[in-house]
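Input: a single structure, listed below in structure tokens.
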Amino acid sequence: MDFQIDEWMDTLVSKIKDAYKDRVLFIGLQGSYQRKEANEHSDIDIVLILDKLAMHDLQQYRAILSSMPYKEKACGFIAGKSEIMHWDKADLFQFYHDTQPIYGDIDSLLPLIREADVRRAIKIGASNLYHAACHDFLYEKSPTLLSALYKSAFFILQAKHFEQSKQYISSKKELVERIEGVDREILQICMERGKLVAMQDADLLSYYEKIIGWSSALLQAY
């Protein structure tokens, strides 16, 4: 695939700055491209923060994205300054650490994030994962959804490792070497989750059992 993320982002940043001028406070990159784990199917997770956000700003940004090559890969987050400063602090933890600055900085968010917010991020993540896994097993039993659940476990593991070590590890390959036990098993499945999609129903049972049990244990611990 003839795609260069640095060149693509340079073009996007130029268009954004031309459109919004000095109203642009921050542009960043998240997700697999930020973690250097992207493949040809990966989305481009863009963060844009303006001084304030109105409907005409959204319309303008939509037009900018539509003008970009590989526009179908674009996704991400946009907000005004006031909204992001009042965002749930448990979400801000992951947002801050998983965002690569391209233009501007978001260091003003860091003092807002406390240890209790990190623990809450783990608890919320575990709650959502437990519910989604049980729901999917009962009503869908979809290998694709199960794969997505294991993908979401990675973000919980990042937060858990940070809570214990005060180190935020961006890549799965590095994190898997720093954790152990069931945590490591969950992340290893996450890293190889593509194989889940091809499995038969009977083979999926143990994977549901593992992720439901793991998220249950986290709920009780946090």
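The shown structure was predicted, so the numbers you read here are calculated from the model rather than taken from an experiment. Index from 1, following the sequence.
Aromatic ring centroids of Phe3 and Tyr70 lie under 6.0 Å apart. In summary, the aromatic rings of Phe162 and Phe93 are positioned with their centroids under 6.0 Å apart. Less than 6.0 angstrom separates the ring centroid of Phe77 from the ring centroid of Phe95.
Annotation for Ile169 and Gln158: closest pair O-NE2, 2.9 Å, computed over non-hydrogen atoms. Between Ala153 and Leu129, the shortest heavy-atom contact is CB-CD2, 4.2 Å. Between Leu196 and Pro143 the shortest heavy-atom distance is O-CB, 3.3 Å. Heavy-atom minimum distance, Asp57 versus Tyr20: O-OH, 2.6 Å. Across Ala133 and Ile211, no two heavy atoms sit closer than the pair CB-CG2, 4.0 Å. When all heavy atoms of Ala19 and Ile64 are compared, the closest pair comes out as CB-CD1, 3.7 Å.
Between the side chains of Asp45 and Gln34, not a single donor N or O lies within less than 3.5 Å of an accepting N or O. Using a 3.5 Å distance cut-off with no hydrogens or angles, the side chains of Gln100 and Arg35 do not pair a donor with an acceptor. Side-chain N/O atoms of Thr11 and Glu7 include no donor and acceptor closer than 3.5 Å. Side chain to side chain, Lys15 and Ser67 meet the donor-acceptor criterion of an N or O pair below 3.5 Å.
Both Ile189 and Leu218 are members of a single hydrophobic cluster when ILVMFWY side chains are connected at heavy-atom separations under 4.5 Å. Both Met55 and Ile16 belong to a common hydrophobic cluster when Ile, Leu, Val, Met, Phe, Trp and Tyr are linked at side-chain heavy-atom distances under 4.5 angstrom. Taken together through direct or relayed side-chain contacts under 4.5 Å among Ile, Leu, Val, Met, Phe, Trp and Tyr, Met9 and Tyr61 form part of one hydrophobic cluster. Ile84 and Ile78 fall into different hydrophobic clusters, defined by Ile, Leu, Val, Met, Phe, Trp and Tyr side-chain heavy atoms under 4.5 Å apart, directly or through other members. In the hydrophobic cluster analysis, where Ile, Leu, Val, Met, Phe, Trp and Tyr join through side-chain heavy atoms closer than 4.5 angstrom, Val182 is grouped together with Leu149.
Between Leu65 and Ile46 the shortest side-chain heavy-atom distance falls below 4.5 Å. For the pair Ile106/Pro101, no side-chain contact is recorded, criterion being any heavy-atom separation below 4.5 Å from C-beta on. Side chains of Ser14 and Asp18 form a contact here, defined as non-hydrogen atoms less than 4.5 Å apart. Side-chain contact between Arg178 and Arg184 is absent, with no heavy-atom pair separated by less than 4.5 Å. Counting heavy atoms from C-beta on, the side chains of Gln200 and Leu204 never come closer than 4.5 Å. Ser216 places a side-chain heavy atom less than 4.5 Å from the side chain of Gln220.
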* Start with the C-alpha distance between Ser170 and His97, add both sets of side-chain angles, then the distance that settles side chain to side chain contact (heavy atoms under 4.5 Å, CB included), and finish with yes or no. => CA-CA 8 Å; Ser170 291; His97 288 283; over 6 Å; no
* **Full working for ring pair (Phe, Tyr, Trp, His ring centres under 6.0 Å) between Trp214 and Tyr150** => CA-CA 11 Å; Trp214 179 72; Tyr150 274 94; 8.5 Å; no
* Steps toward side chain to side chain contact (heavy atoms under 4.5 Å, CB included) verdict (Leu50, Leu25) -> CA-CA 5 Å; Leu50 301 174; Leu25 303 183; 5.8 Å; no
* Just do the side chain to side chain donor-acceptor pair (under 3.5 Å) check on Gln30 and Thr99 with the steps written out, would you? => CA-CA 5 Å; Gln30 295 181 332; Thr99 304; 2.7 Å; yes
* **Leu109/Trp87 under side chain to side chain contact (heavy atoms under 4.5 Å, CB included): CA gap, chis, key distance, verdict** => CA-CA 10 Å; Leu109 300 181; Trp87 210 262; over 6 Å; no
* Lys160 and Tyr222: CA distance, side-chain angles, deciding distance, side chain to side chain contact (heavy atoms under 4.5 Å, CB included) verdict -> CA-CA 10 Å; Lys160 183 181 179 186; Tyr222 284 87; 3.6 Å; yes
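Panel note: side chain Asp183, backbone Leu157; no donor-acceptor pair is recorded below 3.5 Å. Listed for the Lys172 side chain is no donor-acceptor partner under 3.5 Å among the backbone atoms of Phe154. Panel note: side chain Glu177, backbone Glu174; no donor-acceptor pair is recorded below 3.5 Å. For the pair Arg62 (side chain) and Gln59 (backbone), a donor-acceptor distance under 3.5 Å is absent. Listed for the Gln94 side chain is no donor-acceptor partner under 3.5 Å among the backbone atoms of Ala159.
Here the SG atom belonging to Cys75 is positioned 8.0 Å from the CD1 atom belonging to Ile44, to the nearest 0.5 angstrom. A distance of 10.0 Å separates CD1 in Ile102 from CG in Leu12, rounded to the nearest 0.5 Å. Separating the CZ atom in Arg193 from the CG atom in Leu146 is a distance of 11.0 Å, to the nearest 0.5 Å. We find the NZ-CD1 distance between Lys36 and Ile5 to be 8.5 Å, quoted to the nearest 0.5 Å. In this structure, the separation between SG on Cys134 and OH on Tyr139 is 10.0 Å, given to the nearest 0.5 Å. If you take NE2 on His135 and CG on Leu145, they are separated by 10.0 Å, rounding to the nearest 0.5 Å.
No more than 12 heavy-atom neighbours from other residues, nucleotides or ligands sit within 6.0 angstrom of OH on Tyr130.
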Side-chain atoms of residues 112-124: list all donor-acceptor pairs with protein atoms under 3.5 Å, sequence neighbours left out, distances to 0.1 Å.
| unit_1 | atom_1 | unit_2 | atom_2 | d |
| --- | --- | --- | --- | --- |
| Arg114 | NH1 | Pro111 | O | 3.3 |
| Arg114 | NH2 | Pro111 | O | 3.4 |
| Asp117 | OD2 | Arg114 | N | 2.7 |
| Arg119 | NH1 | Glu163 | OE2 | 2.9 |
| Arg120 | NH1 | Asp88 | OD1 | 2.6 |
| Arg120 | NH1 | Asp88 | OD2 | 2.8 |
| Arg120 | NH2 | Asp88 | OD2 | 3.2 |
| Lys123 | NZ | Leu219 | O | 3.3 |

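Shown here are the side chain to side chain contact (heavy atoms under 4.5 Å, CB included) partners of Lys141, two or more places apart in sequence or in another chain: Phe137, Asp201, Tyr208.
We find that Lys81 and Asp51 are not joined by a salt bridge, their nearest charged nitrogen and carboxylate oxygen being 4.0 Å or further apart.
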